[in-house]
Amino acid sequence: MPELPEVEVVRAGLEPAVTGAVVSSVTVYDERSLRRHDGPSEDFVERLTGRTIRAAVRRGKFLWLPLSPPRSAMPFASGEGQLSPLKTQENSAIAVLNGPNCSNAGESPAFSEGVAGASVAEALVVHLGMSGQVLLRDRTTDDPLTRIRVDIVTSAGRDLRLNFVDQRIFGSMAIDRLVATPDGRAAGRGDDAPLVPSQVAHIARDPLDPAFSDARFFAALAKRRTGIKRALLDQGLVSGIGNIYADESLWAARIHYDQPTESLSRARARVLLAEVRLVLGKALAEGGTSFDAQYVNVNGASGYFSHSLNAYGQQGSACPRCGRPIVRDSFMNRGSHYCAFCQRIRAARAPR
DNA sequence: CGTTGGCCCTGATCGC
DNA sequence: TGCGATCAGGGCCAAC
């Protein structure tokens with residue numbers, strides 16, 4: 001169950017390896033992992049092979065790797081040689097630190113020439129679903145349950161391999177076109193370009209995104225007529241939160257999972273958002289310390305359970321705050337773990 | 001149109 | 001030892 005912190009660990013682990021890398025071959029072992037790809041697996045392989053990866057970007061739980069235009073479809077390069085980053089990067093350390101775009105003053109090279117229809121900016125979109133992993137390997141390593149394999153040559157000339165492993169096949173890969181963000185801000189963490197995959201455009205910014213608007217979140221939340229946990233899990237309202245961090249944030253804010261959103265005061269919503277950020281940030285800090293740059297180790301389970309969880313999965317044990325037992329309800333086809341004493345549904349304060 | 005319930009998917013684990 | 005039942009839930013979409 002990778003949520004924002006786990007996906008960010010993947011992104012950060014992939015970034016130095018894939019930035020400036022060229023895809024040399026692609027193998028699809030299970031077409032079901034292409035559910036989000038609009039076309040057959042042959043199309044996926046064809047469109048990905050030979051492309052150069054520009055960056056590793058994340059919004060919420062979605063990850064994408066923007067691709068440079070295919071060489072055959074390269075538009076007339078406007079001016080400076082900004083479209084020929086391939087053979088010039090001899091110093092991989094610099095390439096990793098600076099990224100390919102920093103010198104381009106905000107304009108995305110892949111998108112700038114789209115007027116004549118010569119090229120549409122695209123990205124490899126990855127969602128890990130429930131059980132997905134992207135494992136960075138050498139070319140001799142195979143992993144069980146690998147659904148898609150992407151072999152790359154890094155900007156430093158190293159042969160590497162990305163194994164997309166996914167037991168339950170709720171995750172997926174896809175080639176998707178990039179569209180402009182409505183606010184013109186960077187689409188996610190890892191790239192300055194205001195370009196988001198079309199299938200991610202409806203996903204809200206996450207609470208760690210500098211362009212996340214607290215005010216708009218509170219306003220949207222106040223309009224909802226549902227339980228607070230359902231709202232937290234709605235990626236169109238706020239992204240990156242899954243079942244584990246929802247339960248942990250609600251426990252920290254002492255809010256019952258089914259507290260009606262319309263009855264939640266602005267003050268308590270503020271507390272909740274602050275706790276969400278604390279929980280996500282803490283998990284991110286813990287996850288970030290335990291991964292090896294060589295291998296993007298994102299085994300969801302081991303990552304989570306190394307964190308100290310106060311509520312999730314703790315049914316039967318004592319609430320760390322009051323000592324009463326944590327209970328588990330079945331809710332929305334998932335478990336909700338909470339302290340029945342600390343987290344009670346409260347009536348809305350009567351209006352003056 | 002906003003909200004909600006149901007479905008997809010399978011390896012690991014547990015109990016008999 | 002073997003085997004069947006159970007469990008995990010993110011995102012999407014039909015239905016209300």
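Lettering follows sequence order; numbering is per chain, from 1. No hydrogens, no waters, no symmetry mates; every other heavy atom, side chains included, goes into these values. Everything numeric in this text was worked out from a predicted model, so none of it was measured.
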Partners meeting salt bridge (charged side-chain N to carboxylate O under 4.0 Å, His left out) with [X] (sequence neighbours left out):
X: A/Asp151; answer: A/Arg139, A/Arg161
X: A/Asp329; answer: none
X: A/Asp206; answer: A/Arg58
X: A/Arg270; answer: none

task: Considering only heavy atoms of chain A and a distance under 4.0 Å, specify the first and last nucleotide of DNA chain C in 5' to 3' order that meet this criterion.
output: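 Counting from the 5' end, contacts occupy C/dA8 to C/dC12.
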message: Checking A/Glu262 now: which residues fulfil side chain to side chain donor-acceptor pair (under 3.5 Å) with it, not counting sequence neighbours?
response: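 For A/Glu262 there are no side chain to side chain donor-acceptor pair (under 3.5 Å) partners, ignoring immediate neighbours.
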- prompt: For A/Ser265, what residues pass the side chain to side chain donor-acceptor pair (under 3.5 Å) criterion, not counting sequence neighbours?
  reply: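 For A/Ser265, no residue satisfies side chain to side chain donor-acceptor pair (under 3.5 Å) once neighbours in sequence are set aside.
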task: Determine the sole option in A/Phe170, A/Phe62, A/Phe164 for which the ring pair (Phe, Tyr, Trp, His ring centres under 6.0 Å) test with A/His127 is passed.
output: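 Answer after filtering A/Phe170, A/Phe62, A/Phe164: A/Phe62.
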message: If I compare all heavy atoms of A/Ala219 with all of A/Arg266, which pair ends up nearest, and what's the gap?
response: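 Of all heavy-atom pairs spanning A/Ala219 and A/Arg266, the closest is N-NH2, 4.3 Å.
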query: By a strict heavy-atom criterion of less than 4.0 Å, which residues belonging to residues 231-243 of chain A are in contact with DNA chain B?
result: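 Within this stretch, nothing sits under 4.0 Å of the strand.
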Co-membership, hydrophobic cluster, residues A/Leu232 and A/Phe212, 4.5 Å side-chain: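 Looking at the clustering, A/Phe212 is in the same group as A/Leu232.
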query: Can you get from A/Leu63 to A/Phe44 by hopping between Ile, Leu, Val, Met, Phe, Trp and Tyr side chains that sit under 4.5 Å apart?
result: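 Result: yes, single cluster for both.
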- request: Sorted by first residue and then second, give each side-chain hydrogen bond (donor to acceptor under 3.5 Å, both in side chains) pair with at least one member in residues 219-229 of chain A; sequence neighbours left out.
  value: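 Residue pairs with at least one partner in residues 219-229 of chain A: A/Arg224-A/Asp234, A/Lys229-A/Asn243, A/Lys229-A/Asp247, A/Lys229-A/Ser336.
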Whichever of A/Gly227 and A/Ile169 has its nearest DNA chain B nucleotide further upstream toward 5':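 Result: A/Gly227.
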query: Does the distance from a Lys or Arg side-chain N to an Asp or Glu carboxylate O, for A/Asp30 and A/Arg32, drop under 4.0 Å?
result: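 A/Arg32 and A/Asp30: salt-bridged.
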- prompt: If you walk 5' to 3' along DNA chain B, what is the first nucleotide with an atom under 4.0 Å of a heavy atom in chain A, and what is the last?
  reply: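 First and last nucleotides in contact are B/dT3 to B/dG11.
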Counterpart residues, side chain to side chain contact (heavy atoms under 4.5 Å, CB included), relative to A/Arg324 (two or more places apart):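 In terms of side chain to side chain contact (heavy atoms under 4.5 Å, CB included), with neighbours along the sequence ignored, A/Arg324 is linked to A/Cys322, A/Phe341.
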task: May I ask you to say what A/Gly171 touches in the nucleic acid, namely base, sugar-phosphate or nothing, with a heavy-atom cut-off under 4.0 Å?
output: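 If one applies the 4.0 Å heavy-atom cut-off, A/Gly171 turns out to touch nothing in the nucleic acid.
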- request: Pick base, sugar-phosphate or nothing for A/Arg225, based on heavy-atom distances below 4.0 Å to the nucleic acid.
  value: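 Since only primed, P, OP1 and OP2 atoms lie under 4.0 Å of A/Arg225, the category is sugar-phosphate.
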- request: Between A/Gln199 and A/Arg328, name the one whose nearest nucleotide on DNA chain C is closer to the 5' end.
  value: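 Nearest nucleotide further toward 5': that of A/Arg328.
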- prompt: What does the inter-axis angle of the helix from B/dG2-C/dC16 to B/dC16-C/dG2 come out as, five pairs per end, nearest 10 degrees?
  reply: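 End axes: 40° apart.
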